[in-house]
Amino acid sequence: MRYPFSEIESKWQKLWEDNKIYKTDFSKLDKKLYCLVMFIYPSGAKLHCGHWYNYGPTDTWARYKKLKGFNAFEPMGYDAFGLPAENYAIKTGIHPYDSTMTNISDIRQQLKRMGCMYDWDAELMTCNPEYYKWNQWLFLQLYKKGLAYRKNAPVNWCPKDQTVLANEQVQADGTCERCGTLVIQKNLTQWFFKITDYAEELLKGLEEINWPEKTKLMQRNWIGKSIGTEVRFKVENRDEVITVFTTRPDTLFGVTYVVIAPEHPLVKKITKPELKKGVDDYIDSIKSLTEIDRTSTIKEKTGVPIGANAINSVNGEIIPIWIADYALLTYGTGCVMAVPAHDERDFEFATKFSLPIRKVILAPGTKPEDEMKTAYTEVGVLINSGSFNGLNSDVAIDKISEFVEINNLGKRKVNYRLRDWLISRQRYWGTPIPIIHCPKCGEVPVEEKDLPVELPYDVEFKPGGESPLTTNKSFYDVKCPKCGTDSHRDPDTMDTFVDSSWYYFRYLNPKFEAKIFDTALTNNWVPVDMYVGGAEHATMHLLYARFIHKFLRDLGLTKSGEPFLNLIHQGTITNQGAKMSKSKGNVVNPDEFTSKFGSDVFRLYLMFMGPYEMGGDWSDKGIAGTDRFVQRSYELFSRFIDCLTKSPAKNIYDIDILNDDEKTVYRKVNQTIKKYDEEINNFRFNTTIASLMELLNELTKSLEKCSGEIQAYSLERFGILLAPVAPHLAEECMQIIGRRESIFKNPVWFEPDLKALIEDNVMIAVQVNGKLRATIEMPMNSDQSFAKQIVFSDDKVAKHLDGKSILKEIFVKNKIYNIVVK
RNA sequence: GCCGAAAUGGCGGAAUUGGUAGACGCGCUGGACUCAAAAUCCAGUCUGGCUCACACCAGGUGCCGGUUCGAGUCCGGCUUUCGGUACCA
């Protein structure tokens, strides 16, 4: 009979739910395991293969841990705020709340049919006021500490989504991370979280977490620590001072000009009146450049002189001041000392505009008068550098910095590439920012007792660059809580990455009312032990969550310094080479397969496809293989009804007294347990399943020929090994052979009988001059002298030794016998 | 440009610290069962040579070179693909 997956899967899902099999007892702390997947964005596209690939195998791992005796907690929830729901509302008129709720209830059903052991009592959704109230509370705490602030700054604006974006949310090609539209720069007043205050700690913390090296490296690069020196240059004949930041103070004597970012406020003040028009024109030309042009790698540097000069602090030289597009206002001081001889960008610029190039570091094996074709950026000996001549440049970095500090010309400084996190969005479907703007008092934070500031239902969604919340007068117009003057609420909402930066705390008690989360539980259960999700979040969610976690620790709400101890990225499943997305129309719907084969077969197939962290292009070619595996397993169990009760097995057998078939089966069972354990523990699901297939092949061949006890012994173990990878199938199979309750109710695991693992005989390879000439069977652990006798009496080996002299013999026990001849 | 990962049969992919390359599965070929088909079961399946066949021989893990008794695995130099990043002073 074909395995009736449909009725069996719903039968066990109902049984699990009715008996609350997956409810976690938080009071049991021995071997607690918090296993988390990134929660789901409830879009209209529902669950796709990518979600399945994230959730199914992770659940398998958690189930395995549960059988091993861990008290595993697996929650699931909804990252329910966000732009797509609002864009959908603009298009169709369906309110984001309504579409989100519909999507959530559909997705919840789909999730339940997957058969994961989620603790549904822990379910949460971020669009619920009982959740986002605490985003607002968090905002207020950051505000109190000066870590949430407003400033006017050039920011990324997505013309399609009509909102600003954080740096992290703009892709390398200058397009919006969400919709792919080209992002433009705008000067706007926006809310920021001061993540830069934690830059150093975010960097240090990476050392203590077990994450993929690649991800840690991405975060390190994103934080971009650089150690250098700030040096003040006076502006000639004026009071203004230009401060530059350099990582190469050893080249200070080689400065031949200074570059300031075109948007720098100083530019207006010190530009020579005669040159004002040219400078203004240049600044305009920079603004009109598209993002593509600006980021183009082949774009030539541009710039103009502003007619003012600076005085090099270390040698008193008068040098011209330029503005140029390659100086960035947002990094360091926005001013650069240019050393064309030893910096590639400065070299290119100086060559183009015929600015002087002065060599101050001599490359080994060159002469001072040699002409420079490119900048020399390596270590060398200082020249043209006054009293520092003759020093090695790496030593001079320190010496010149010291000189700068002693003479009060500047100071050593560490800079980070990381910018503050821009969190305000000019959109509706998010957490309202709990600030009231009063014409008299300015920014007035909403009092904690007045939280949540509830998101009103009635708003107009028309896009226009203004937050839709301004269209609801009863929300927008309020009296100032301090002085009673007519004021209005901040009309912006928060970036949804705020929601996801602390949700793992909330899962432990999502209904908790007294505080942001229930510290009585979180102190025991956070940090998360295993976190599984996509690598695309490396410098966004995964960085924000670490930041907020550290802030919460500073508030005394958690003892840990890091949110996620272990992290694994599932690979990306692509379709025809492209990432699956609704807009590309290449989404593969898992229902197509689960309705045909069942969710266990689909889960098995996803795991069997290849290494979990690699992903790959979607193909359903091999699904027949895992389907056959399920059918054959079910058939096998069906041939041994109630064997557990008819002839109960002992825990261990002496392999030496078993007959040949029993011995083979008994050994294979135990070898499989060992192999399986090693593979699945490290998320190597493909080889885990391969080992089960090997076992099934062996059992199909020989189990009939074994005693009833060995049959029970083998099937009981096989069934338990099946449970993590195909939970419904395993429950049914175990019931067939006589188990009376769910495997997961009182989890069991079988340790391998180590004595049985050792084969009696091994095949060893015999090589002559490194080439395989024969394989010979001999007893396990035979020593060299014994092996030698057998090897040299072998005809094939003798043939290759004929007439040659033996130079050397290499013997590796149980592996190889190599004879070197001439 | 810079940083990181990868490259193995017709396909997805296996291969502890260097030790029999191709586990497991898909597909394909042949056979059994069937009136027939599907399903299932059995056998074969890296390439080339030779052979009726078994056997045997040679080559083979992106390319070139090296270390070693022995390299998919280690070292040096490339090529291609995929991620990340974009003048960060």
Side-chain angles (χ1 to χ4, degrees), chain A residues 2 171-174 212-215 217-218 220-222 224-226 228 244-248 251 259 261 294-299 301 324-328 330-339 343-346 348-349 415-419 535-536 538-539 569 571-572 574 577 604-605 608-611 613-617 619-626 628-629 631-632 635 675 678-679 684 686-694 696-697 700 762-776 796 799 807-821:
Chain A
R2 253 190 90 75
Q171 296 174 104
D173 59 355
E213 278 309 316
K214 164 182 96 164
T215 310
L217 188 66
M218 272 199 249
R220 277 190 195 106
N221 291 340
W222 191 261
K225 180 178 185 174
S226 72
V244 299
F245 173 75
T246 180
T247 54
R248 294 294 304 274
T251 65
V259 186
R294 284 192 81 151
T295 56
S296 164
T297 45
I298 48 169
K299 191 182 90 59
K301 299 182 195 335
D325 55 355
Y326 80 96
L328 306 175
T330 47
Y331 182 77
T333 61
C335 305
V336 183
M337 60 177 226
V339 187
D343 181 281
E344 277 156 28
R345 293 154 305 179
D346 298 343
E348 186 196 328
F349 194 82
N415 261 320
Y416 299 90
R417 183 185 168 281
L418 184 70
R419 308 291 150 83
E536 68 274 17
T539 55
H569 299 304
T572 312
T574 54
L604 281 166
Y605 179 58
F608 188 60
M609 277 189 339
E613 275 142 293
M614 247 158 54
D617 207 48
S619 156
D620 58 11
K621 268 193 181 151
I623 199 163
T626 50
R628 270 174 215 151
F629 172 72
Q631 301 301 335
R632 290 177 54 211
E635 257 171 53
K675 167 86 173 162
E678 288 162 2
E679 300 301 304
R684 290 193 293 258
N686 54 334
T687 46
T688 303
I689 292 166
S691 75
L692 287 180
M693 286 174 167
E694 283 188 47
L696 174 63
N697 290 342
T700 309
V762 278
M763 297 297 285
I764 81 152
V766 183
Q767 298 181 339
V768 178
N769 285 346
K771 288 193 177 178
L772 182 72
R773 293 304 176 192
T775 51
I776 298 176
K796 279 176 273 184
K799 206 171 85 186
L807 298 179
K808 199 173 172 183
E809 288 165 57
I810 295 115
F811 176 69
V812 181
K813 200 183 246 186
N814 301 327
K815 294 260 180 191
I816 203 160
Y817 201 113
N818 189 10
I819 304 157
V820 186
V821 297

Closest listed nucleotide, where the reference is the side chain of V812(A) and the choices are rC88(B), rG19(B), rC57(B) = rG19(B)

Looking only at atom P, what distance separates rA14(B) and rA6(B), rounded to whole Å?
-> 12 Å

Side-chain atoms of S226(A) come closest, of rG4(B), rG19(B), rA89(B), to rA89(B)

Taking only the side-chain nitrogens and oxygens of K771(A), find out if one of them lies under 4.0 Å from OP1 or OP2 of rG59(B).
-> yes

Pair assignment for RNA chain B - dot-bracket with | for other-strand partners, Watson-Crick or G-U under 3.5 Å = (((((((..(((......[....)))((((((.......))))))((((......))))..(((((..]....))))))))))))....

Nearest-Å distance, CD1 (I816(A)) to P (rU68(B))?
-> 18 Å

Look at T687(A) and rA23(B) and indicate whether a side-chain polar atom (N or O) is within less than 4.0 Å of OP1 or OP2.
-> no

Kindly determine whether F608(A) and M693(A) satisfy side-chain contact (heavy atoms from CB on, under 4.5 Å), including the steps that lead there.
-> CA-CA 11 Å; F608(A) 188 60; M693(A) 286 174 167; 3.8 Å; yes

From CG of L772(A) across to P of rG59(B) the rounded distance in Å is 13 Å

R417(A) side chain: which of rC87(B), rC88(B), rA14(B) is closest?
-> rC88(B)

Contact class for A327(A) vs. all strands (heavy atom < 4.0 Å): base, sugar-phosphate, or nothing?
-> base

Interatomic distance at C1', rC88(B) relative to rC74(B), whole Å | 37 Å

At under 4.0 Å between heavy atoms, what does L217(A) touch on the DNA or RNA strands: base, sugar-phosphate, or nothing?
-> sugar-phosphate

Among the nucleotides rA23(B), rC88(B), rG19(B), which one has an atom lying closest to any side-chain atom of I810(A)?
-> rG19(B)

Please work out if M337(A) contacts a base, only the sugar-phosphate, or nothing of the nucleic acid, heavy-atom cut-off 4.0 Å.
-> nothing

Indicate the atoms forming the closest heavy-atom contact of G332(A) with N415(A), along with that distance.
-> CA-ND2, 3.6 Å

Picking from rC3(B), rC24(B), rC56(B), the nucleotide nearest the side-chain atoms of A690(A) would be rC24(B)

When the P atoms of rG48(B) and rG60(B) are considered, how many whole Å apart are they?
-> 15 Å

Base, sugar-phosphate, or nothing: which does N686(A) touch, judged by heavy atoms less than 4.0 Å apart?
-> sugar-phosphate

How long is the line joining CE of M763(A) and P of rA15(B), in whole Å?
-> 22 Å

Closer than 4.0 Å, any side-chain N/O of K815(A) to the OP1 or OP2 of rU20(B)?
-> no

In terms of heavy-atom contacts, A338(A) and D346(A) come closest through CA-OD2, 3.2 Å

Take atom CD of E213(A) and atom C1' of rG84(B), then tell me their distance rounded to the nearest Å.
-> 15 Å

For each nucleotide in nucleotides 25-31 of chain B, reading 5' to 3', give B when a protein heavy atom comes within less than 4.0 Å of its base, S when such contact involves only the sugar-phosphate, and - otherwise.
-> SSS----

Side-chain donor or acceptor of T333(A) paired with backbone N/O of C335(A) under 3.5 Å = yes

Can you establish whether the number of heavy atoms outside E344(A) located under 6.0 Å from its atom CD is more than 12?
-> no

Where each residue is assigned the nucleotide of RNA chain B containing its nearest heavy atom, which of M218(A) and G332(A) is assigned the position nearer the 5′ end?
-> M218(A)

Rounded to the nearest angstrom, tell me the gap between atom CD1 in I764(A) and atom P in rU20(B).
-> 11 Å

Determine: side-chain N/O of R220(A) to OP1/OP2 of rC3(B), distance under 4.0 Å, yes or no.
-> no

Distance, C1' atom - from rU61(B) to rU8(B), rounded to whole angstrom | 4 Å

Begin from the C-alpha positions of T700(A) and R632(A) and carry the test side-chain contact (heavy atoms from CB on, under 4.5 Å) through to its verdict.
-> CA-CA 8 Å; T700(A) 309; R632(A) 290 177 54 211; 3.4 Å; yes

Say whether N221(A) and R417(A), considering side chains only, have a donor N or O and an acceptor N or O under 3.5 Å apart.
-> no

Check whether any side-chain heavy atom of R419(A) lies under 4.5 Å from a side-chain heavy atom of T330(A), and answer yes or no.
-> yes

Could you check how far NZ of K808(A) sits from P of rG70(B), rounded to whole Å?
-> 9 Å

Expressed in whole Å, how much space separates the P atoms belonging to rG72(B) and rU20(B)?
-> 10 Å

Nearest listed nucleotide, side chain of R419(A), among rC69(B), rC88(B), rU20(B) | rC88(B)

Determine the contact category for T775(A): base if any of its heavy atoms lies under 4.0 Å from a base atom, sugar-phosphate if only primed atoms, P, OP1 or OP2 are that close, otherwise nothing.
-> base

Between NZ of K813(A) and P of rU16(B) the distance, given in whole Å, is 22 Å

Looking only at non-hydrogen atoms, find the nearest pair between M337(A) and V244(A) and report the distance.
-> N-CG1, 3.7 Å

Please test L692(A) against F629(A) for side-chain contact (heavy atoms from CB on, under 4.5 Å), starting from the C-alpha separation and ending with a verdict.
-> CA-CA 9 Å; L692(A) 287 180; F629(A) 172 72; 3.9 Å; yes

Same-atom distance (C1') from rG9(B) to rC28(B), integer angstrom | 13 Å

note: L807(A), atom CG; rC69(B), atom P; distance rounded to Å ~ 11 Å

Nearest to the side chain of V336(A), which nucleotide is it out of rA89(B), rA86(B), rC57(B)?
-> rA89(B)

Backbone N or O of G770(A) within a donor-acceptor pair of the N818(A) side chain at under 3.5 Å?
-> yes

Return yes if some donor-acceptor pair links the side-chain N/O of N769(A) with the main-chain N/O of V821(A) below 3.5 Å, else return no.
-> yes

Closest nucleotide among rC87(B), rC24(B), rC69(B) to the R345(A) side chain | rC87(B)

Which is true for R773(A) with a 4.0 Å heavy-atom rule: it touches a base, it touches only sugar-phosphate, or it touches nothing?
-> sugar-phosphate

With syn defined as a glycosidic angle within 90° of 0 and anti as everything else, classify rG9(B).
-> syn

Walking RNA chain B from its 5' end, the first of E678(A) and R248(A) to be reached, judged by nearest nucleotide, is E678(A)

Determine the Euclidean distance between corresponding P atoms of rU34(B) and rC57(B); express it in Å to zero decimal places.
-> 44 Å

Using the P atom in both, what is the distance from rC64(B) to rG59(B), to the nearest Å?
-> 15 Å

Take T687(A) and E678(A) through the test side-chain contact (heavy atoms from CB on, under 4.5 Å) and record every step on the way to the result.
-> CA-CA 10 Å; T687(A) 46; E678(A) 288 162 2; over 6 Å; no

Hey, does V820(A) reach any base, or is it just sugar-phosphate, or nothing, if we go heavy atoms under 4.0 Å?
-> sugar-phosphate

